[in-house]
> 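Before I ask anything, here is the structure I am working with.
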Amino acid sequence: MKEYIIHNEWKIIEDQFHPEYNKITESLMSLGNGRIGHRANFEEKFSGETLPGNYVAGVYYPDKTRVGWWKNGYPEYFAKVLNAANWIGIDVKIGNETLDLFTAKVLDFKRELNMQEGNLYREFIAELPSGKQVKVVSCRFLSIVETEIGAIRYTVTALNFSDKLTLTPYLDFDIRNEDSNYDEKFWDEVEVNVKPGEGYITAEVRKTLFHVCTGMKFNLLRNGKAITYSADVENRTKFISNIIPLSIEKGESITIEKFGVNVSSENFPKEKLMTTAVKHLNAAFDKGFDQLMLEHSQAWLEKWKTSDVKIEGDVAAQQGIRFNIFQLQQTYTGEDQRLNIGPKGFTGEKYGGSTYWDTEAFCLPFYLATAPVQVARNLLIYRHKQLQKAIDNGAILGFKNGAALYPMVTMNGEECHNEWEITFEEIHRNGAIAFAIFDYVRYTNDWEYLAPYGFEVLLAISRFWAQRVNWSAERQKFVMLGVTGPNEYENNVNNNYHTNRIAQWTLGYTLEVIEYLKEKHLAQYHGLAEKWGFNEHAETANWRDIIEKIYLPFDAKRNIFLQQDGFLDKDLKKVAEIPAAERPINQHWSWDRILRSPYIKQADTLQSMFLFEDNFDKETIKRHFDFYEPLTVHESSLSPCIHTILASTIGYEEKAYEMYLRTARLDLDDYNNDTSDGCHITSMGGTWMAFVKGFGGMRVRNGKVSFAPLMPGKWTAYSFRINFRNTVLEINVNKNTVSIGNLSDQELKLTIYDQEYFIGGNKKTEVQLKLDRNEH
Ligand code: BGC
């Protein structure tokens with residue numbers, strides 16, 4: 001763990017220069033607007049540790065899969081989100097010395113991410129080897145109103161000298177992905193246009209042929225007043241700049257306001273890309289930095305109105321939840337059905353920017369409750385659009401009759417993971433996609449989603465499960481062999497409880513959906529059955545048989561379900577016995593040792609307990625938690641959130657709080673020593689769930705929303721809002737009362753600690769806070 005980030009309710013603050021943590025801070029303070037994003041790299045040159053990162057949503061490169069021995073069924077490529085043009089760069093030269101915080105003496109330094117208004121601020125005083133001292137203040141943002149645009153205001157003040165000052169704003173498209181397999185570059189130049197004051201480069205991605213045009217335009221001010229300047233234009237392959245010679249007197253300030261634009265052929269015609277970029281950039285430039293920033297900040301304040309979570313009495317917890325919400329909002333806005341949520345969002349290259357089960361299992365609930373219904377629906381439609389490819393993927397692996405195996409890792413519907421042993425057999429992802437349909441309908445009441453979209457996906461997934469199990473004559477049960485559960489520290493196991501359980505559940509849910517369609521949309525149902533050659537009688541009879549006879553590993557002595565066959569053969573030493581210096585084990589132990597160990601990377605059997613909690617009483621959940629939690633190392637970011645919710649459910653308040661901090665501050669405190677690669681964006685949806693479902697006790701059952709708030713000891717109050725079926729609710733909890741306000745006009749029936757209430761439009765209800773929610 002690293003604890004150098006200053007605790008603050010609305011800001012992420014680094015108040016002194018930590019070059020050794022620079023890559024972590026660059027990840028934490030990343031900016032994004034759903035279309036473009038970048039890491040918090042410095043504008044001026046930096047020769048220390050840095051991971052330059054600029055990303056454009058939806059633009060990727062299919063890098064050749066790198067394996068020793070090829071086997072049938074391997075994906076052809078691993079998709080990589082592309083590191084795109086660096087448009088923020090501004091080189092600064094004083095006399096003949098280049099400003100570089102790695103070689104200069106840093107006398108004062110502050111870097112701040114302002115989450116309330118969505119900007120990145122930095123100020124520092126640096127002493128160059130010659131003894132000249134310079135102060136720099138910079139502020140930048142990526143507009144969430146004009147989503148092609150970013151802007152920087154960068155001011156240099158001469159503190160103790162007068163000299164020549166050369167500013168070189170540039171645009172660099174000669175970028176290599178850090179994870180490029182053969183050190184290959186993925187961009188080729190298509191068109192360049194540069195003159196004093198502005199410049200553009202259009203580049204093409206090899207193989208996928210996406211085009212991106214990036215542009216810059218700037219103006220200069222001396223002591224706050226606009227000045228004219230002359231510039232030498234530089235134009236090399238994939239790189240353009242303006243070299244601007246200036247002079248600066250002691251005490252004077254020179255400011256450059258640099259505006260950037262990024263447009264891609266995903267959204268505009270290729271042949272008009274540069275003219276489109278010019279148009280957008282000119283409009284932004286004419287509007288000016290202050291106005292653009294004002295509109296952007298106001299839009300952020302609006303976003304916070306619906307999604308903020310307030311915690312009183314615990315700044316670390318407050319900062320954590322806001323950081324998670326802020327990063328989620330920066331990553332996905334839900335306007336484009338082709339986009340999804342990469343595990344690192346716009347904060348790094350790891351995981352290739354692809355879509356994982358993370359979206360359905362961890363992010364969907366956040367968007368369901370804080371955004372218009374269309375946003376969550378678009379996330380579901382993304383998978384519906386990829387159904388045929390999931391069926392093709394199933395066919396490649398030998399499945400028939402329209403059985404779909406959704407990819408574990410995908411950009412466009414095709415499987416593109418690059419880790420056969422671990423990732424490929426994680427077929428539980430199919431279950432997460434099915435469960436998301438159920439969760440969406442349960443939350444929104446949008447049953448109309450099922451006939452045109454949901455059913456087809458459920459049918460194809462059910463067909464997959466029905467073929468993936470086999471009958472074991474020995475056990476007289478259906479078994480599922482050779483899978484990897486959510487716990488990636490076990491590969492290729494038999495009868496993973498979670499996978500078998502979610503398969504069983506999917507079959508059951510699909511049967512329910514069929515009954516609904518037959519009742520309400522019979523003609524459409526018949527059309528769909530014909531389209532997919534669905535032999536309802538035979539196929540559903542088989543599904544029923546599987547539901548009844550699927551094998552779920554169980555230990556009668558401990559009275560618990562087992563994660564997989566043979567789990568009890570392990571040496572069940574608790575995590576607490578691992579020496580601290582050997583954690584995280586994935587950075588210290590061999591893979592062989594990890595696979596043999598009893599250690600669980602992330603909630604696995606407990607993932608099922610969370611999803612299907614209504615099937616278990618609290619004692620059962622507790623028994624499972626007591627068995628699995630001491631063996632869980634939480635080395636996946638997706639783990640502590642689930643443990644927070646379960647710990648809250650069974651009244652383990654301290655554990656819930658510990659796990660909450662771990663999920664909410666996972667990146668801020670670098671718990672797993674991997675934030676330098678980028679932030680764990682998808683787990684941030686889990687953090688929101690940990691708060692709202694864990695402490696807030698929010699559930700949706702039988703068409704009604706319910707709450708059962710808990711108050712962690714350290715907190716004095718908290719509040720959050722949710723949007724449930726067009727009704728906005730504000731939940732305020734303090735040490736004595738739970739107050740729920742209905743901010744809409746229509747009344748709503750809901751449940752608080754098992755009691756039903758009607759809350760009229762624009763009215764609120766107050767009840768006593770229960771110290772232990774289980775006491776009733
Ligand atoms: C987790 C997976 C997850 C992936 C991407 C892995 O570390 O174990 O469950 O899908 O990261 O977030």
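The structure displayed is predicted, hence computed values, not measured ones.
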> Please enumerate all residues that pass salt bridge (Lys or Arg N to Asp or Glu O under 4.0 Å) together with Glu426, with sequence neighbours excluded.
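Partners of Glu426 by the salt bridge (Lys or Arg N to Asp or Glu O under 4.0 Å) criterion come out as none, since no residue qualifies.
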> Taking the side chain from Thr147 and the backbone from Ile144, do they hold a donor-acceptor pair closer than 3.5 Å?
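It does not hold such a pair.
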> What pairs with Glu148 under salt bridge (Lys or Arg N to Asp or Glu O under 4.0 Å), at least two apart in sequence or on another chain?
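Glu148: no salt bridge (Lys or Arg N to Asp or Glu O under 4.0 Å) contacts found.
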> Just jot down the side-chain hydrogen bond (donor to acceptor under 3.5 Å, both in side chains) partners of Glu112, sequence neighbours excluded, or say none.
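Once residues adjacent in sequence are excluded, the partners of Glu112 under the side-chain hydrogen bond (donor to acceptor under 3.5 Å, both in side chains) criterion are Lys11, Lys110.
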> Any salt bridge linking Lys389 with Glu415? Criterion: basic side-chain nitrogen under 4.0 Å from a carboxylate oxygen.
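Here Lys389 does not pair with Glu415 in a salt bridge, since their nearest N and O are not under 4.0 Å apart.
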> Is the gap between the ring centers of Phe610 and His498 under 6.0 Å?
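Centroid separation for Phe610 and His498: 6.0 Å or greater.
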> Using the side-chain contact (heavy atoms from CB on, under 4.5 Å) criterion, which residues pair with Val59? Sequence neighbours excluded.
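side-chain contact (heavy atoms from CB on, under 4.5 Å) list for Val59, sorted by chain: Val56, Leu82, Trp187, Val205, Phe210, Val212, Ser264.
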> Can you sort out the partners of Arg338 under side-chain hydrogen bond (donor to acceptor under 3.5 Å, both in side chains), two or more places apart, ordered by chain and number?
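side-chain hydrogen bond (donor to acceptor under 3.5 Å, both in side chains) list for Arg338, sorted by chain: Asn267, Asp336.
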> Between Gln330 and Asn33, do the side chains contain an N or O donor and an N or O acceptor separated by less than 3.5 Å?
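Looking only at side-chain atoms, Asn33 and Gln330 do not form any donor-acceptor pair under 3.5 Å.
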> I'd like to know if Asp439 and Arg442 make a salt bridge, using a cut-off of under 4.0 Å between side-chain N and carboxylate O.
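Salt bridge: yes.
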> Can you confirm whether the side chains of Gln337 and Asn378 place a donor and an acceptor under 3.5 Å from each other?
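Yes, side-chain donor-acceptor contact under 3.5 Å.
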> Regarding Arg176 and Glu184, does a basic nitrogen lie under 4.0 Å from an acidic carboxylate oxygen?
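Salt bridge: no.
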> For Glu178, is there any backbone N or O sitting under 3.5 Å from a side-chain donor or acceptor partner on Glu349?
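The answer is yes, because a donor-acceptor pair under 3.5 Å joins these two groups.
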> With sequence neighbours left out, what residues match Asp674 under salt bridge (Lys or Arg N to Asp or Glu O under 4.0 Å)?
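So Asp674 forms no salt bridge (Lys or Arg N to Asp or Glu O under 4.0 Å) with any residue.
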> Side-chain donor-acceptor pair under 3.5 Å between His38 and Arg140, yes or no?
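Their side chains do contain a donor-acceptor pair, which is all the 3.5 Å distance test asks for.
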> Quick one about Ser27 and Thr675 (side-chain donor to acceptor, distance below 3.5 Å, no hydrogens or angles considered), yes or no?
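There is no such pair between these side chains.
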